[in-house]
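Here's the structure we're looking at; comments come further down.
Worth knowing before you read on, the calculation uses all heavy atoms, side chains too, and leaves out hydrogens, waters and symmetry mates.
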Amino acid sequence: CFISYFCKAADQMVKKIKMRDIKEKEVDMIHFTERCTLSMMFASSFNIFPDDVDDADEMINKVVEAVKMFVFSKKKKSF
């Protein structure tokens with residue numbers, strides 16, 4: 001269910017915002033919202049969760065592999 005992905009990603013985003021350096025007066029919210037959005041998309045589309053990967057690059061690599069597997073399986077079935 002997308003709502004559960006949304007809640008989990010939003011909770012993680014809030015935790016990361018709270019963990020940032022308190023001395024910072026400005027917060028780049030794009031950095032946090034991008035990760036939150038990717039987390040929701042990857043979880044709902046590819047069943048890849050942020051807890052399963054250490055960083056964004058690793059998450060993107062997992063998505064690339066998932067897409068390759070999907071495309072390859074479609075090509076195989078079309079013959």
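Among all heavy-atom pairs drawn from Met29 and Ile17, the shortest one is CE-CD1, 3.6 Å. Taking all atoms of both residues into account, the shortest heavy-atom contact from Ala10 to Cys36 is N-SG, 3.9 Å. Counting all heavy atoms, side chain and backbone alike, Phe32 lies closest to Met13 at O-SD, 3.7 Å.
Note that CE of Met19 and NZ of Lys16 are 7.5 Å apart. Values are rounded to the nearest 0.5 Å. In this structure, the separation between OG1 on Thr37 and CD on Glu34 is 8.0 Å, given to the nearest 0.5 Å. To the nearest 0.5 Å, atom CE of residue Met40 and atom CD1 of residue Ile3 are 10.0 Å apart.
Val67 meets the side chain to side chain contact (heavy atoms under 4.5 Å, CB included) test with Phe46, Val63, Val71; sequence neighbours excluded. Residues forming a side chain to side chain contact (heavy atoms under 4.5 Å, CB included) with Ser44 (at least two apart in sequence, or on another chain): Phe2, Tyr5.
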